Amino acid sequence: MTTVETFPTLAEAARAMGSGAAFFGGGTVLMRDVNAGDGPQRLVRSADPALTEIRAQGETVRLGAGVTMARILAERDLAFLHPVARQIGGPQVRNMGTLGGNLFAPHPYGDFAVALIALGARAVLAGQGGARPVEELMRERARPPLVAAIEIPRPRSGREFGFLKVSRVKPKGVSVLSVAAFLPAEGGRIRGARVAWGAMGPAPMRGQGAERALEGGELDAATIARAAAQAAEGLDPPTDALASAWYRKEVAGVHLRRLLERMERG
Ligand SMILES: Cc1cc2nc3c(=O)[nH]c(=O)nc-3n(C[C@H](O)[C@H](O)[C@H](O)COP(=O)(O)OP(=O)(O)OC[C@H]3O[C@@H](n4cnc5c(N)ncnc54)[C@H](O)[C@@H]3O)c2cc1C
């Protein structure tokens with residue numbers, strides 16, 4: 001049997017998390033397990049308004065972890081995130097599925113987390129001070145800390161940030177892979193390249209081979225070809241019903257090239 005406990009504040013919810021408990025976001029993943037009789041013993045929820053708060057102005061936007069994909073799509077100031085949110089499931093999933101839940105949804109899910117890692121987003125943990133890089137949290141997926149909000153640096157243009165999801169069924173299929181790139185430039189040269197992959201390992205992760213190939217270069221055909229050649233370096237994708245590990249590694253460079261060429265066009 002699963003019990004549901006609701007707390008007025010996130011700090012109280014964080015204190016109530018313990019063995020056998022899972023935090024309930026939109027429930028799009030959790031409720032499948034609960035309905036199958038395979039869910040957690042305790043579901044912890046919070047009615048804290050901070051969970052659904054959106055601060056969309058300025059160079060860093062702050063979104064409560066309970067903000068849904070549909071709300072992101074309704075917010076004009078979050079246009080840079082629309083191409084990502086639009087790719088998460090169908091309308092029902094987007095209406096319920098939250099940012100916090102996407103961080104810890106199992107393979108092959110986590111497309112939004114891929115974009116967040118590329119952007120260098122940070123997670124504010126409930127009941128704790130400061131914020132931690134989202135990519136760090138990906139290594140703690142087995143026992144996720146309670147995330148209150150995400151702080152996301154705003155890219156300056158479509159040339160600086162891009163996201164691509166590859167699925168077999170369109171428009172609602174899950175990822176064969178997803179990839180995002182954040183390529184800030186100084187004097188025409190890429191400085192601080194960040195590439196992130198989804199469905200290419202046990203959790204969304206950085207693509208360090210591609211990042212090294214992009215760093216210091218101009219976003220042109222030669223740099224893109226170098227990055228595509230290094231795309232699969234360090235990645236160890238799983239084999240599942242959608243694709244084999246071999247296939248995922250083979251096509252990673254093709255899709256990274258497509259994404260980078262789109263960003264080059266601006
Ligand atoms: C038909 C279908 C299609 C889907 N398509 C996609 C897709 O294309 N791309 C994709 O990425 N995902 C997809 N998903 C997976 C899922 O719907 C999304 O990832 C969604 O964002 C999960 O959010 P949620 O709030 O519903 O998570 P929940 O089910 O509430 O929770 C998922 C996990 O995250 C944890 N969690 C939730 N909130 C927090 C928090 N604030 N802090 C810490 N832990 C938390 C939960 O404890 C649980 O372990 C799909 C799901 C379905 C059923």
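As the structure lists them, so they are numbered: ligands from 1, and atoms in each ligand from 1. This one's a predicted model, so the numbers in the text were calculated from it and none came from an experiment. Values below: all heavy atoms of this structure, side chains included; hydrogens, waters and symmetry mates excluded.
- Annotation for ligand 1: atoms under 4.0 Å from non-hydrogen atoms of Gly110 are 10 (C), 11 (O).
- Against a heavy-atom cut-off of under 4.0 Å, Leu146 is close to the following atoms of ligand 1: 40 (C), 41 (N), 42 (N), 43 (C).
- At the top of the distance list for atom 18 (C) of ligand 1, counting protein heavy atoms only, stands Asn102 ND2, 3.7 Å.
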For the pair Glu53 and Arg55, evaluate salt bridge (Lys or Arg N to Asp or Glu O under 4.0 Å) and give the outcome as yes or no after the intermediate values.
CA-CA 7 Å; Glu53 194 183 3; Arg55 286 189 224 153; 3.4 Å; yes
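- Looking at ligand 1, you'll find an N or O of Thr98 within less than 3.5 Å of one of its N or O atoms.
- Residue contacts with ligand 1 for Met31 are absent, since no atom lies close enough (heavy atoms, distance under 4.0 Å).
- Taking the charged nitrogens against the carboxylate oxygens, Arg194 and Glu135 do have a contact shorter than 4.0 Å, which makes a salt bridge.
- Residues Ala148 and Leu10 approach most closely at CB-CD1, 3.8 Å, considering heavy atoms.
- Side-chain N or O atoms of Arg94 include none that pairs as donor or acceptor with a backbone N or O of Leu73 at under 3.5 Å.
- Polar contact check, Gly25 against ligand 1: a nitrogen or oxygen pair lies under 3.5 Å apart.
- The proximity of Pro145 to ligand 1, defined as any non-hydrogen pair under 4.0 Å, is limited to the backbone.
- In terms of heavy atoms, Ala85 sits closest to Phe112 at N-CE1, 3.8 Å.
- Of the candidates Gly101, Ser167, Pro144, Gly101 brings a heavy atom nearest to atom 32 (C) of ligand 1.
- Listed by atom number, the atoms of ligand 1 under 4.0 Å from Ala65 heavy atoms are 41 (N).
- Between Leu30 and ligand 1, an N or O atom pair is found at a separation short of 3.5 Å.
- Between Arg206 and Glu211 there is a salt bridge, with a side-chain nitrogen of the basic residue lying less than 4.0 Å from a carboxylate oxygen of the acidic one.
- Of the heavy atoms in Arg32, only side-chain atoms (C-beta onward) come closer than 4.0 Å to ligand 1.
- Cation-pi geometry between Arg168 and Tyr247 is satisfied (NZ or CZ under 6.0 Å from the ring centre, within 45° of the ring normal).
- Close contacts between ligand 1 and Asp111 involve ligand atoms 7 (C), 8 (O), 9 (N), 10 (C), 11 (O) [criterion: under 4.0 Å to a heavy atom].
- A salt bridge does not link Arg248 to Asp236: none of the charged nitrogens lies less than 4.0 Å from a carboxylate oxygen.
- Nearest protein neighbour of atom 46 (C) of ligand 1, counting heavy atoms only, is Phe23 O, 3.0 Å.
- Among the atoms of Tyr109, none of the N or O lies under 3.5 angstrom from an N or O of ligand 1.
- Residue contact check: Gln87 has heavy atoms under 4.0 Å from atoms 8 (O) of ligand 1.
- Ion pairing between a basic and an acidic side chain is recognised when a charged N comes within 4.0 Å of a carboxylate O; Arg42 and Glu5 show such pairing.
- For ligand 1, the polar-atom distance check against Gly89 finds a nitrogen or oxygen pair separated by under 3.5 Å.
- Between Glu59 and Arg154, none of the side-chain N atoms (NZ, or NE/NH1/NH2) sits under 4.0 Å from a carboxylate O, so this pair counts as no salt bridge.
- The main-chain N or O of Asp38 is never found under 3.5 Å from a side-chain atom of Asp33 such that the two would form a donor-acceptor pair.
- Here the heavy atom of the protein found nearest to atom 8 (O) of ligand 1 is Lys165 NZ, 2.7 Å.
- Heavy-atom proximity to Thr28, at under 4.0 Å, picks out these atoms of ligand 1: 16 (C), 17 (O), 20 (C), 22 (C), 23 (O), 24 (P), 26 (O), 29 (O), 53 (C).
- At the shortest separation from atom 44 (N) of ligand 1 among protein heavy atoms lies Phe104 CD1, 3.2 Å.
- Listed by number with element, the atoms of ligand 1 under 4.0 angstrom from any heavy atom of Ala105 are 19 (O).
- Checking side-chain atoms of Thr223 against main-chain N and O of Glu218 turns up a donor-acceptor pair under 3.5 Å.
- Counting heavy atoms under 4.0 Å from ligand 1, residue Val93 touches it through the side chain alone.
- Remark: Glu233 engages Arg212 in a salt bridge, criterion side-chain N to carboxylate O under 4.0 Å.
- Every N/O-N/O distance between Met69 and ligand 1 stays at or above 3.5 Å.
- Side-chain contact of Thr9 with Glu12: a donor-acceptor pair under 3.5 Å is present, judged by distance alone.
- Here's the thing with Val147: one of its N/O atoms is less than 3.5 angstrom from an N/O atom of ligand 1.
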